*Asks:* 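Pasting a structure below so you can have a look.
One-based numbering along the sequence shown. A quick note: this is a predicted structure, and the numbers were derived from the prediction, not measured.
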Amino acid sequence: MGDSNDTIFGKILRGEIPADRVYEDDRCIAFRDVQPQAPVHLLVIPREHLISLAQAEQQQEALLGHLLLVAARVAQEAGLNDWRTVINTGAGAGQTVFHLHVHVLGGRPMQWPPG
Ligand code: AMP
């Protein structure tokens, strides 16, 4: 990409700060959230720097599908039968890191609607 991706996830992707990685391939990585909100809390992020889902375009269609398949894979590998995937888009929706990521949360009962 042509940008510096000066987000915390950019630093993780470049190996500048550590992360507890549970999966990686040529398009994405998955690692444990540093402030887990459930017994299992993983993040799946693309290597490509997309700021959020709002920035995604047709050319990212396959990548977005891949992120969801990896989310299911790491959830199952973590032993989950039930889990929640969350993508916060924009600060008003709770996004704090501006590199697209899929949360995978499980291991406790989930409430609906989310806060
Ligand atoms: P969001 O609020 O949807 O943007 O989610 C960002 C997530 O990144 C939060 O759940 C944070 O706990 C998590 N996070 C922030 N820094 C790190 C880090 N260095 N390693 C792992 N997870 C992180």
*Asks:* Taking the side chain as every heavy atom from C-beta outward, state whether Val22 and Glu77 have any atom pair closer than 4.5 Å.
*Replies:* no
*Asks:* Tell me the closest heavy-atom pair linking Arg84 and Pro114, and the distance in Å.
*Replies:* NH1-CB, 4.3 Å
*Asks:* When you measure from the side chain of His41 to the backbone N and O of Val34, does any donor-acceptor pair fall under 3.5 Å?
*Replies:* no
*Asks:* Working note: Glu61 + Gln58, criterion side-chain hydrogen bond (donor to acceptor under 3.5 Å, both in side chains); need CA distance, chi angles, decisive distance, verdict.
*Replies:* CA-CA 5 Å; Glu61 182 177 27; Gln58 193 64 37; 2.8 Å; yes
*Asks:* Is it the case that one hydrophobic cluster holds both Phe31 and Tyr23, taking links as side-chain heavy atoms less than 4.5 Å apart, direct or via other members?
*Replies:* no
*Asks:* What I'd like to find out is whether the side chain of Leu100 reaches to under 4.5 Å of the side chain of Gln55, using heavy atoms alone.
*Replies:* no
*Asks:* Counting only heavy atoms from other residues, nucleotides and ligands, does the tally under 6.0 Å from CG of Asp82 exceed 12?
*Replies:* no
*Asks:* Which pair of non-hydrogen atoms, one from Gln95 and one from Ser52, has the smallest distance, and what is that distance?
*Replies:* OE1-CB, 3.5 Å
*Asks:* What heavy-atom pair brings Leu63 and Glu48 nearest, and what distance separates the two atoms?
*Replies:* CD2-OE1, 3.6 Å
*Asks:* Taking all atoms of both residues into account, what is the closest heavy-atom pair of Ala38 and Gly106, and its distance?
*Replies:* CB-O, 3.5 Å
*Asks:* Cluster question for you: counting only ILVMFWY and a side-chain heavy-atom cut-off of under 4.5 Å, with indirect links fine, are Val74 and Leu64 together?
*Replies:* yes
*Asks:* Looking only at non-hydrogen atoms, find the nearest pair between Asn5 and Gly10 and report the distance.
*Replies:* ND2-CA, 3.3 Å
*Asks:* Flag yes if Val102 and Ile8 sit in one hydrophobic cluster, no otherwise; membership is Ile, Leu, Val, Met, Phe, Trp, Tyr, and two members link when side-chain heavy atoms are under 4.5 Å apart.
*Replies:* no
*Asks:* Any link between Ile87 and Leu43 through a network of hydrophobic side chains (Ile, Leu, Val, Met, Phe, Trp, Tyr) touching at under 4.5 Å?
*Replies:* no
*Asks:* Under 4.5 Å between side-chain heavy atoms, counting indirect links through other Ile/Leu/Val/Met/Phe/Trp/Tyr residues: same cluster for Leu80 and Leu67 or not?
*Replies:* yes
*Asks:* Using side-chain heavy atoms (C-beta onward) and a distance below 4.5 Å, is His66 in contact with Asp25?
*Replies:* yes
*Asks:* Is any side-chain heavy atom of Asn88 closer than 4.5 Å to one of His103?
*Replies:* yes
*Asks:* Is a side-chain donor or acceptor of Gln37 paired with a backbone partner of Gln35 at a separation under 3.5 angstrom?
*Replies:* yes
*Asks:* A side-chain contact here means heavy atoms from C-beta on lying under 4.5 Å apart; do Arg32 and Leu42 qualify?
*Replies:* yes
*Asks:* What do you reckon, is CD of Gln111 surrounded by more than 12 foreign heavy atoms closer than 6.0 Å?
*Replies:* no
*Asks:* How about His49 and Phe9: do any of their side-chain heavy atoms sit closer than 4.5 Å?
*Replies:* no
*Asks:* Report yes if the side chains of Val97 and Ile45 come closer than 4.5 Å at any heavy-atom pair, otherwise no.
*Replies:* no
*Asks:* Check whether any side-chain heavy atom of Gln60 lies under 4.5 Å from a side-chain heavy atom of Pro46, and answer yes or no.
*Replies:* no
*Asks:* Between Ile51, Leu13, Asp6, Ile12, which is the residue that forms a side-chain contact (heavy atoms from CB on, under 4.5 Å) with His99?
*Replies:* Leu13
*Asks:* Rounded to the nearest 0.5 Å, what separation is found between the NZ atom of Lys11 and the CD1 atom of Ile17?
*Replies:* 7.0 Å
